[in-house]
Amino acid sequence: MLLAVLFTNTEGNILVERFQGVPTEERLHWRSFLVKLGADNLRRAKNEELFVASHKSVYIVYTMLGDVSIYVVGKDEYDELTLSEVIYVITSSVKDACGKPPTERLFLDKYGKICLCLDEVVWKGLLENTDKSRIRRLTRLKPPTDV
């Protein structure tokens, strides 16, 4: 199960968070742990360079994309290899929504579209879609037309 997907800015402020199956009282711990993990390791990271960690029998894969840090936390069948695929789909969807690796301002300008993309990729703790063209089609924000 995918336990969490978090997006933060370079200062560690949370831009988007999605928790699934994590008790409310543990979420603050996870937020602070992930932000500290990123502050320690993402300072000199290259764009889209993947980092892997393990904590309390869960796996964490995280990266930088422009000015935004992305963290994906999973357990059981969502090991580091699966999470790297998940984070690849998320980063490509965010780049597609923004047109380039996002600055914090661009990320916030495209917030609605990014949230829709995230909903199409991860749904209720499970990987839903990995096909970039399908995600783009499902999130194009246009009313359906009759053909």
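Below, each value reflects all heavy atoms present in this structure, side chains not excepted, and no hydrogens, waters or symmetry copies.
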Nearest heavy-atom neighbours spanning [X] and [Y]:
X     : Y      : answer
Ser92 : Lys132 : O-CE, 4.1 Å
Gly21 : Pro23  : O-CD, 3.8 Å
Met1  : Asp76  : N-CB, 4.5 Å
Ala97 : Lys113 : CB-CG, 3.7 Å

Are any of the side-chain heavy atoms of [X] and [Y] separated by less than 4.5 Å?
X      : Y     : value
Ile14  : Tyr71 : no
Val122 : Val72 : no
Cys115 : Arg18 : yes
Met64  : Thr10 : yes
Val52  : Ser84 : no
Leu118 : Ser93 : no
Leu2   : Leu83 : yes
Phe107 : Leu65 : no

side-chain contact (heavy atoms from CB on, under 4.5 Å) for Thr82 and Glu77? Distances and angles first, verdict last. CA-CA 8 Å; Thr82 308; Glu77 70 274 8; over 6 Å; no
Would [X] and [Y] show up in the same hydrophobic cluster when neighbours are defined by side-chain heavy atoms closer than 4.5 Å?
X      : Y      : result
Leu126 : Val121 : yes
Leu116 : Trp123 : no
Val94  : Leu6   : no
Val16  : Val89  : yes
Val68  : Val5   : yes

To the nearest 0.5 angstrom, please state how far the [atom1] atom of [X] sits from the [atom2] atom of [Y].
X      : Y      : atom1 : atom2 : result
Asn41  : Lys36  : CG    : NZ    : 9.0 Å
Asp109 : Glu104 : CG    : CD    : 10.5 Å
Phe51  : Ile87  : CZ    : CD1   : 11.0 Å
Leu3   : Tyr78  : CG    : OH    : 10.5 Å
Glu120 : Asp131 : CD    : CG    : 11.5 Å
Phe19  : Trp30  : CZ    : CH2   : 9.0 Å

Is the number of heavy atoms from other residues, nucleotides or ligands under 6.0 Å of Arg27 CZ greater than 12?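 Correct, the count exceeds 12.
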I'd like to know whether Leu15 forms a side-chain contact (heavy atoms from CB on, under 4.5 Å) with Tyr111, so could you lay out the CA-CA distance, the side-chain angles of the two residues, the decisive distance to 0.1 Å, and finally the verdict. CA-CA 9 Å; Leu15 303 173; Tyr111 180 82; 5.8 Å; no
Does the pair Lys100 and Leu106 meet the rule for a side-chain contact (heavy atoms from CB on, under 4.5 Å), with working shown? CA-CA 9 Å; Lys100 60 182 179 177; Leu106 180 59; 3.7 Å; yes
Parallel, tilted or perpendicular: which describes the rings of Phe33 and His29, with under 30° parallel and over 60° perpendicular?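 Geometry flag for His29 against Phe33: parallel rings.
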So does Asn13 get a backbone contact from the side chain of Thr8, meaning a donor-acceptor N/O pair under 3.5 Å?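 No, because the side chain of Thr8 does not come within donor-acceptor range (under 3.5 Å) of the backbone of Asn13.
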Evaluate the criterion side-chain contact (heavy atoms from CB on, under 4.5 Å) for residue pair Leu34 and Ser69; output intermediate values, then yes/no. CA-CA 10 Å; Leu34 293 173; Ser69 303; over 6 Å; no
